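Heads up, the thing below is written out as structure tokens.
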Amino acid sequence: MKKFLGSKKIKTAVFISGTGSNLRSLVKYSLLKKAPIKISLVISNNSKAKGLIYAKQKKIKQIVYKFKKRTVDENKILNNLKKEKINLICLAGFMKILSKNFIKKFKGKILNVHPSLLPRYKGLNTHKRVINNNEKFSGCTIHYVSSKLDSGKIILQKKVKVKKNDTVKTLAKKILKHEHILYPKAIKKIFINL
Ligand code: GRF
């Protein structure tokens, strides 16, 4: 990736499926003058995703693709990304798996946030598995997306203590707060600190 020199911000698309709290933190960050990204597009597979309401408030273009036919929708997405001159994709709670072909077309330009200390606890229900295994620590990871699920190169991680009385809900809430800090930090690491 090219270093951000303070003039032209990198046009970014955020892919969401739900609440969009990471979208919110990314948008807030992107509005800082020193931030290297500008969020120009939000894509969702879920028309009821709360994050879309926020995107609308912030006047960010949004498109919903149901992903019923993945290849067809991915091609439409690729066309839109091209049209909007998107150079970076941030997956933020996006619950669909992108095809190898799609990832190849955006190689090295797709980031994801995962609520565990990868490579541990890939996939879904991370907090439940962490608690069931009596782990003392969990956390979150920002990583590049590769064709293997939750396996791309790690950019940043934050370790979070799991307390004895933590439930899936309290742990998820605690980790989510760190995700909001870590995602912008990872973007800064990629484009500013290099
Ligand atoms: C986050 O915990 C993220 O790590 C996981 O899904 C959650 C999405 O939250 N993949 P939000 O939609 O950003 O609020």
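Given the structure is predicted, the values throughout are model-derived calculations rather than measurements. Atoms considered below: every heavy atom in the structure, side chains included; atoms not considered: hydrogens, waters and symmetry mates. Whatever order the structure lists them in is the order used to number ligands and atoms, beginning at 1.
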Output, or 'none' if empty, a list of ligand 1-protein atom pairs in which both atoms are N or O and the distance is under 3.5 Å, rounded to 0.1 Å.
{"from": "ligand 1", "atom 1": "2 (O)", "to": "E179", "atom 2": "OE1", "distance (Å)": "3.2"}
{"from": "ligand 1", "atom 1": "2 (O)", "to": "E179", "atom 2": "OE2", "distance (Å)": "2.9"}
{"from": "ligand 1", "atom 1": "4 (O)", "to": "E179", "atom 2": "OE1", "distance (Å)": "2.8"}
{"from": "ligand 1", "atom 1": "4 (O)", "to": "E179", "atom 2": "OE2", "distance (Å)": "3.2"}
{"from": "ligand 1", "atom 1": "12 (O)", "to": "G20", "atom 2": "N", "distance (Å)": "2.8"}
{"from": "ligand 1", "atom 1": "13 (O)", "to": "S21", "atom 2": "N", "distance (Å)": "3.3"}
{"from": "ligand 1", "atom 1": "13 (O)", "to": "N22", "atom 2": "N", "distance (Å)": "2.9"}
{"from": "ligand 1", "atom 1": "13 (O)", "to": "N22", "atom 2": "ND2", "distance (Å)": "3.0"}
{"from": "ligand 1", "atom 1": "14 (O)", "to": "S21", "atom 2": "N", "distance (Å)": "2.8"}
{"from": "ligand 1", "atom 1": "14 (O)", "to": "S21", "atom 2": "OG", "distance (Å)": "2.5"}

Does L149 offer a backbone N or O that forms a donor-acceptor pair with the side chain of S151 under 3.5 Å? yes
Looking at F67, is its backbone amide N or carbonyl O close enough to the side chain of D73 to form a donor-acceptor pair, meaning the two atoms are under 3.5 Å apart? yes
Are a donor atom and an acceptor atom from the side chains of Q157 and T141 found within less than 3.5 Å of each other? yes
Taking the six-membered ring of F137 as reference, does the cationic atom of K159 (NZ for Lys, CZ for Arg) lie under 6.0 Å from its centre and within 45° of its axis?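 Ring-cation test returns yes.
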A quick test of your reading: do over 12 heavy atoms of other residues, nucleotides or ligands sit less than 6.0 Å from NZ of K11? yes
State whether the number of non-hydrogen atoms from other residues, nucleotides or ligands found under 6.0 Å of I181 atom CD1 is greater than 12.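 Correct, the count exceeds 12.
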